[in-house]
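Please read all numbers here as calculations on a predicted model, not as lab measurements.
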2 protein chains.
Amino acid sequence: MKPVVVLDKIMETADRLFYEQGFNLTGINQIIEEAGISKPSLYNHFKSKNDLLLAYLDRQYAIWFAGLDTFSESYDTPLEKIMALFDFRISRQIAREYKGCAWNKIVNEVPRHEVQVFENVAKFKNDMRMRIVDLVVRLNRPKNKLLTDEELVQVIYAELESGVMVAHLTKSHTALENAKNIIRKLV
Amino acid sequence: MKPVVVLDKIMETADRLFYEQGFNLTGINQIIEEAGISKPSLYNHFKSKNDLLLAYLDRQYAIWFAGLDTFSESYDTPLEKIMALFDFRISRQIAREYKGCAWNKIVNEVPRHEVQVFENVAKFKNDMRMRIVDLVVRLNRPKNKLLTDEELVQVIYAELESGVMVAHLTKSHTALENAKNIIRKLV
DNA sequence: GTCTATAGAAGGATAGAC
DNA sequence: GTCTATCCTTCTATAGAC
């Protein structure tokens, strides 16, 4: 069995279990069992469970933005792409059975002294916010609007975050759908 | 030592540790050690660690709304009371060193099959939302506003939730402050 | 690089004395 | 109702063979 295959098995299993069960409730033993490998094999690739967590976050980052790009490429205008942000998160919450935001799960589960984890999550959230900033600028809104560009960005960001959180709690994406209408009015 | 004192010690210790470290990372052993009691004493009051969690959530609920009522009573108008919702959360995040929302922490840490935990968190979030609904109705807004009452409620709710999450991630309440100006414009 | 086997600590929970 | 002492399980991580 080639190393790369073992690594893939680890990552895919960790990906699934960390999201579905949470990081702290997922033991090394369960990961190696479901990945079909042995314990020293795992520790050959990662020096600790925390090291695996950081790799998991990096992988999440790549998968998430790649998924967003694929999802958005069929939409043309900035407004359509903003709406696609909501539809993308709706589609993912449906696919992952409304288990919430993977980043929020981690950051709410890990103590503050895990600096690298916090930085990793902050980077994701910030980069997502930058996508919104870029789209709002490209809207080319007139200056006499009720909200400034910066304020509109904050509302979009808040509706996305809160929308996913509510979806997790209620197993429904109604709030995310309603948010789209609100944003349309505020643009 | 009277039972009620023991119970108080347990609750206060669990309150602090569950919030600061998280539920899964806080062991029974640490709770009894810091509370200064013995293990069977704890299991005399709670039949399991999960039972203690439910008591913790009930206590949080009472403390939170009591704190909000005290905080808001000096404000008169509905708009001031809406602003007080943001200021209350800002003051709490400062006091608790930006460790985020206690309810979100729990709901992101516990598996879905813990139905009682989810219902408890959903009840808190819903009751908080009802406070917003009540305040927005009392604003008596004209019908020709850009957003309907329901939409304004959703934006206020989203800004609060997202604001606390961002505060947790960045150790800053800037987003919550900015949200107040946005809401003032939308009212 | 992968395995079997195991170490050493910490987890939740309980028996039985007082 | 509270205690000391202990149970069994699970945890992360490693030693040493192949």
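A/N29 places its CG atom 14 Å from the C1' atom of D/dT14, with the value rounded to the nearest Å. Taking atom CD1 on B/I28 and atom P on C/dG12, their separation rounds to 5 Å, with Å as the unit. C/dG11 atom P lies 8 Å from atom CD of B/Q30, rounded to whole Å. Across the protein-nucleic acid pair, A/E33 atom CD and D/dC11 atom C1' stand 14 Å apart, rounded to whole Å. Summarising the geometry, the separation between CG on A/N24 and C1' on D/dT10 is reported as 14 Å, rounded to the nearest angstrom. Distance, A/L52 CG to D/dA13 P: 10 Å, rounded to whole Å. The distance between atom OH of B/Y43 and atom C1' of D/dC7, rounded to the nearest whole Å, is 13 Å. As a whole-Å value, the separation of A/K9 NZ from C/dT2 P is 11 Å.
Comment: A/K9 does not engage A/E12 in a salt bridge, judged by the lack of any side-chain N to carboxylate O separation of less than 4.0 angstrom.
When the shell of 6.0 Å around CD of A/Q30 is examined, it contains more than 12 heavy atoms from other residues, nucleotides or ligands.
Here A/H45 does not reach the OP1 or OP2 of C/dG1: none of its side-chain N or O atoms lies under 4.0 Å away. Side-chain N/O atoms of A/N44 include none lying less than 4.0 angstrom from OP1 or OP2 on C/dG1.
Of the two residues near DNA chain D, A/N50 and B/S41, the one whose nearest nucleotide lies more 5' is B/S41. When each of B/P40 and A/P40 is assigned the nucleotide of DNA chain D with its nearest heavy atom, B/P40 is the one assigned upstream, toward the 5' end.
The side-chain tip of B/K105 does not point at the ring of B/F23 from less than 6.0 angstrom away and within 45° of straight on.
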**OP:** Go through the steps for A/F118 and A/H113 under the test ring-ring contact (aromatic ring centres under 6.0 Å, His included), then give the verdict.
**Re:** CA-CA 9 Å; A/F118 266 75; A/H113 58 79; 9.6 Å; no

